[in-house]
Amino acid sequence: MLESTFGDRARTLLTASRRSDVPPFMVMDVMAAAARIEAAGGHVIHMEVGQPAAPAPKTALAAARAALDDGRIDYTSALGIPSLRARIAKHYRDTYGCTVDPERIVVTTGSSGGFILAFLSMFEPGDRVAVTVPGYPPYRHILTALGCEPVLIETSSATRHALTGEALLAAHRKAPLKGVLVGSPANPTGTMMSREALASLMAAAESAGIRFISDEIYHGLDYAFAAVSAAELSPHALVINSFSKYFCMTGWRIGWMVVPQALVRPIDRLHGNLAISVPTLSQIAAEAAFEGRAELDAIKHGYEDNRKILIEGLPKAGLSKFLPVDGAFYLYADVSEFSDDSFDFAKRLLEEAHVAATPGVDFDPIDGRHFVRFSYAGSTADMKEAVERIGAWLHKR
Ligand SMILES: Cc1ncc(COP(=O)(O)O)c(C=O)c1O
């Protein structure tokens with residue numbers, strides 16, 4: 001009796017919370033399988049991971065080295081080093097021609113840290129927040145972990161895979177929404193929203209009192225047309241961005257937000273309690289990264305070459321259906337004529353052709369079994385080789 005009570009209590013003590021029960025990223029399984037092939041001597045072309053192959057720009061590395069030589073790495077203010085916040089505000093003037101008060105800039109631990117602060121400051125537990133499918137899985141998983149309800153809205157080729165005001169308002173009529181989150185350029189699709197599409201979606205959200213969050217992590221990596229920031233269109237939108245992608249600083253874990261004025265102080269209080277501040281060395285490096293634009297633009301041109309190789313080469317190889325390849329470094333291919341199980345398709349592509357890609361089921365629980373995401377953030381030589389391998393593999397099937 002005593003035994004079993006103790007056992008029950010121990011079980012209760014050791015059980016994880018329901019909110020922590022979020023799904024893992026399947027791409028991790030692909031990476032592990034690729035590592036096994038490499039350990040056995042195989043040469044895998046990595047198109048599964050969404051991260052630049054290049055290191056942080058030299059200006060950032062030099063600033064970080066100088067800070068280390070100086071020695072002291074202290075806490076900073078919870079909202080970030082003032083000179084970095086001012087530099088980010090200048091970035092909005094230079095890039096989008098819009099004035100943003102540096103007071104509204106919040107430095108975060110990657111955009112991932114930004115999502116937590118954004119959701120905590122904007123929503124109550126139980127609030128319904130719309131996200132698009134296909135979409136970046138942590139949007140819905142972070143919302144769930146924080147007790148909010150992600151509401152999945154499907155996008156289609158009819159709207160260039162952009163969420164429309166009509167679709168948003170239709171979902172809102174079914175059951176009220178408190179917020180909506182979109183990304184452009186988007187992951188996994190690589191599609192972008194035009195200025196008109198973004199403005200009309202934001203107007204619809206505002207008319208219904210739905211709070212608007214714009215994930216702009218892939219800004220700077222736009223090829224089809226210039227990306228538009230939600231900060232240009234409304235002071236009420238919350239913009240999330242990062243140094244991870246264009247700035248090639250994934251592991252530095254640094255990003256930023258442009259937040260509505262009314263949220264500055266609440267986020268200051270939240271961040272002070274949750275994290276005190278963002279790693280100081282990363283903040284120093286990030287400020288200097290803005291001076292590395294020439295180096296970063298050269299890397300972007302490499303992605304443009306890769307994009308062209310895939311857009312021209314994949315149809316010849318046999319993969320002719322993919323979404324508009326507008327931005328970021330992703331191509332989202334429809335593989336339904338070969339398989340209705342994209343996980344199995346990606347597994348065999350890896351095992352038999354040694355090309356690693358991510359199955360769409362990671363991003364889209366509804367239709368992802370028909371899609372595979374290819375990242376073209378790798379080298380141009382690898383992209384050429386990948387097209388060859390995919391072509392030979394598909395022809396053998
Ligand atoms: C669409 C999107 N948003 C956010 C993130 C998170 O990036 P980070 O936390 O490195 O800024 C990623 C990472 O791949 C992403 O693809």
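Because the structure is predicted, anything quoted here is derived from the model rather than measured. Both ligands and their constituent atoms are indexed starting at 1 by order of listing. We're numbering straight along the sequence, starting at 1.
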- Query: What do we get for Q51 next to ligand 1 when only non-hydrogen atoms under 4.0 Å count, side chain, backbone, both or neither?
  - Reply: neither

- Query: Which bit of Y139 is near ligand 1, meaning a heavy atom under 4.0 Å away: side chain, backbone, both or neither?
  - Reply: side chain

- Mark the output for R253 as yes if a heavy-atom distance to ligand 1 is under 4.0 Å, and as no if none is. yes

- Message: Can you see whether Y332 has R373 sitting over its ring - NZ or CZ less than 6.0 Å from the centre and within 45° of the normal?
- Response: no

- Task: Around atom 14 (O) of ligand 1, find the nearest protein heavy atom and jot down its residue, atom name and distance.
- Result: K245 NZ, 2.8 Å

- Can you get from V49 to V355 by hopping between Ile, Leu, Val, Met, Phe, Trp and Tyr side chains that sit under 4.5 Å apart? no

- For N187, take its heavy atoms, then give the atoms of ligand 1 lying under 4.0 Å from any of them. 1 (C), 15 (C), 16 (O)

- Just checking, is any N or O donor in the side chain of D305 or T380 under 3.5 Å from an acceptor N or O on the other one? no

- Message: I need the contact type for S111 against ligand 1. Using non-hydrogen atoms and a strict under-4.0 Å cut-off, is it side chain, backbone, both or neither?
- Response: both

- Under 3.5 Å between some N or O of ligand 1 and some N or O of D215? yes

- Message: Quick test of your reading: applying side-chain hydrogen bond (donor to acceptor under 3.5 Å, both in side chains), list the pairs with at least one residue in residues 384-393, sequence neighbours left out, ordered by first then second residue.
- Response: E352-W393, E385-R389

- Message: Whether the side chain of S282 engages the backbone of W252 through a donor-acceptor N/O pair (distance < 3.5 Å, no angle test) should be reported.
- Response: yes

- Task: Could you check atom 9 (O) of ligand 1 against the protein and tell me its nearest heavy-atom contact, residue, atom and distance included?
- Result: S112 OG, 2.5 Å

- Item | Between D94 and H91: side-chain donor-acceptor atoms closer than 3.5 Å | no

- Considering only heavy atoms of G110, which atoms of ligand 1 have at least one such atom less than 4.0 Å away? 9 (O), 11 (O)

- At under 4.0 Å between heavy atoms, which part of Y218 makes contact with ligand 1: side chain, backbone, both or neither? side chain

- Message: Quick check against the 3.5 Å criterion: does S121 have a side-chain atom that pairs as donor or acceptor with the backbone of L263?
- Response: no

